[in-house]
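The first residue of the sequence shown is numbered 1, and numbering continues consecutively from there.
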Amino acid sequence: MSSTFTYKTETAKRYAKALILSCSNNNLDLKKTKSDFDNFIKIYDKLDELKLFFQTPLINPLKKKKILSEILKKIDLCENFSNFLATLANNGKLFLLKIIFIEFNNLLDERNGVVEVTITTIDSIEKTLQKKIQSSLEKTLNCKIKLKEIIDKSIIGGIILKVNSIM
């Protein structure tokens, strides 16, 4: 199970890097590609039929490419992202789309110097306190911070901050 997950993650990272490299010459192209990817994932998350279509190995790959081509004709996506989806279909990797999306955003954060900080508490933290914590961490670590809040009822109390592998 672990090796399958590692394979999927590594493959997704490669595709995410390739997508970023395909628009590295033009920052505007990267913004448009990110916007299209964000919007496409929102649609993907809402439509169970689309998820099933991307995930199932039972549909003939040639038929999948043809159907995807028809879908892409009806959606206004930049050429770069449309070509990326077509490449995934050609290589039988459409099932990795969500993992590629996560890796794509992680790579963009890394590129922009954004560090994800996980904050674990027993209850939700007020937005004002979150902003204070974020501001304090940005000053201390001298970088941009993206907070990810986790509610864990099993901890006794307090706050657990995790920056990369440091708690």
Side-chain angles (χ1 to χ4, degrees), residues 2-119 130-131 134-135 137-139 141-150 162-166:
S2 177
S3 64
T4 302
F5 179 74
T6 302
Y7 162 76
K8 286 181 180 179
T9 303
E10 287 304 314
T11 303
K13 274 184 189 174
R14 282 191 219 112
Y15 277 100
K17 282 180 185 177
L19 181 58
I20 289 171
L21 287 173
S22 70
C23 39
S24 66
N25 294 337
N26 186 348
N27 212 15
L28 185 63
D29 196 24
L30 183 59
K31 286 180 183 178
K32 178 65 176 145
T33 299
K34 180 176 177 12
S35 173
D36 284 355
F37 208 161
D38 290 342
N39 292 331
F40 193 82
I41 287 296
K42 285 177 188 170
I43 294 167
Y44 176 86
D45 286 339
K46 287 180 185 175
L47 297 174
D48 289 335
E49 296 86 4
L50 187 60
K51 275 188 221 172
L52 184 63
F53 170 72
F54 275 50
Q55 297 293 325
T56 187
L58 301 175
I59 301 173
N60 180 317
L62 293 175
K63 193 171 186 177
K64 245 186 198 182
K65 288 192 308 192
K66 188 175 181 181
I67 293 169
L68 181 64
S69 175
E70 292 300 316
I71 291 170
L72 293 177
K73 286 179 188 174
K74 298 185 186 310
I75 301 175
D76 183 30
L77 298 172
C78 68
E79 183 181 357
N80 194 46
F81 188 64
S82 292
N83 290 341
F84 176 71
L85 289 174
T87 300
L88 289 178
N90 285 336
N91 296 330
K93 302 296 184 198
L94 285 172
F95 69 96
L96 292 174
L97 185 69
K98 192 72 179 207
I99 303 170
I100 293 169
F101 177 71
I102 292 166
E103 293 300 327
F104 177 76
N105 284 309
N106 288 343
L107 288 171
L108 286 180
D109 284 348
E110 186 179 308
R111 183 178 183 174
N112 295 324
V114 177
V115 175
E116 183 177 271
V117 174
T118 305
I119 183 166
Q130 280 185 12
K131 289 184 193 268
Q134 182 174 355
S135 175
L137 286 170
E138 285 177 345
K139 288 177 188 171
L141 300 174
N142 198 25
C143 62
K144 297 177 199 166
I145 300 292
K146 180 168 72 172
L147 281 181
K148 178 181 175 187
E149 184 179 21
I150 297 176
K162 181 178 176 192
V163 181
N164 297 324
S165 62
I166 301 169

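Nearest heavy atoms, Lys64 versus Leu94: CD-CD1, 4.1 Å. Closest non-hydrogen pair, Asp29 versus Cys23, comes out as OD2-CB, 3.3 Å. The two residues Gly113 and Cys143 make their nearest non-hydrogen contact at O-CB, 3.8 Å.
Lys144 and Asp109 are not joined by a salt bridge, as no carboxylate oxygen comes within less than 4.0 angstrom of a charged side-chain nitrogen.
Counting non-hydrogen atoms of other residues, nucleotides and ligands closer than 6.0 Å to CG of Asn112 gives a total above 12. Counting non-hydrogen atoms of other residues, nucleotides and ligands closer than 6.0 Å to CG of Asn142 gives a total of 12 or fewer. Other residues, nucleotides and ligands place more than 12 heavy atoms under 6.0 Å from the CD atom of Gln55.
For the atom pair CD1 of Ile59 and NZ of Lys65, the computed distance is 14.5 Å after rounding to the nearest 0.5 Å. Atoms OG1 and CD, from Thr118 and Glu149 in turn, are 11.0 Å apart once rounded to the nearest 0.5 Å. To the nearest 0.5 angstrom, Leu108 atom CG is 5.5 Å from Leu30 atom CG. Atoms NZ and CD1, on Lys34 and Ile20 in that order, are 10.0 Å from each other to the nearest 0.5 Å. Between atom CG of residue Asp36 and atom CZ of residue Phe84 there is a gap of 12.5 Å, rounded to the nearest 0.5 Å. One distance of note links NZ of Lys51 with CG of Leu47; it measures 9.0 Å at 0.5 Å rounding.
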Legend entry - Chi angles and distances behind the side-chain contact (heavy atoms from CB on, under 4.5 Å) call for Phe37, Leu97: CA-CA 10 Å; Phe37 208 161; Leu97 185 69; 3.8 Å; yes
Inset, instruction - Decide yes or no on side-chain contact (heavy atoms from CB on, under 4.5 Å) for Leu77 and Leu85, but give the supporting numbers first. - result: CA-CA 10 Å; Leu77 298 172; Leu85 289 174; 4.1 Å; yes
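Aromatic ring pairs are classed by plane angle as parallel below 30°, tilted from 30° to 60° and perpendicular above 60°; the pair Phe54 and Phe40 is tilted.
Checked against Leu147 for a side chain to side chain contact (heavy atoms under 4.5 Å, CB included), the options Gln130, Lys131, Glu116 give a single hit: Gln130. Considering Thr87, Asn80, Ile100, Leu88 as possible partners of Leu19, the one that fulfils the side chain to side chain contact (heavy atoms under 4.5 Å, CB included) test is Asn80.
Taking 4.5 Å as the limit, some side-chain heavy atom of Lys98 sits within range of a side-chain heavy atom of Asp45.
At distances below 3.5 Å, not a single donor-acceptor pair connects side-chain atoms of Lys8 with backbone N or O atoms of Leu96. For Thr56 (side chain) and Leu52 (main-chain N/O), no donor-acceptor pair under 3.5 Å exists by modelled atom type.
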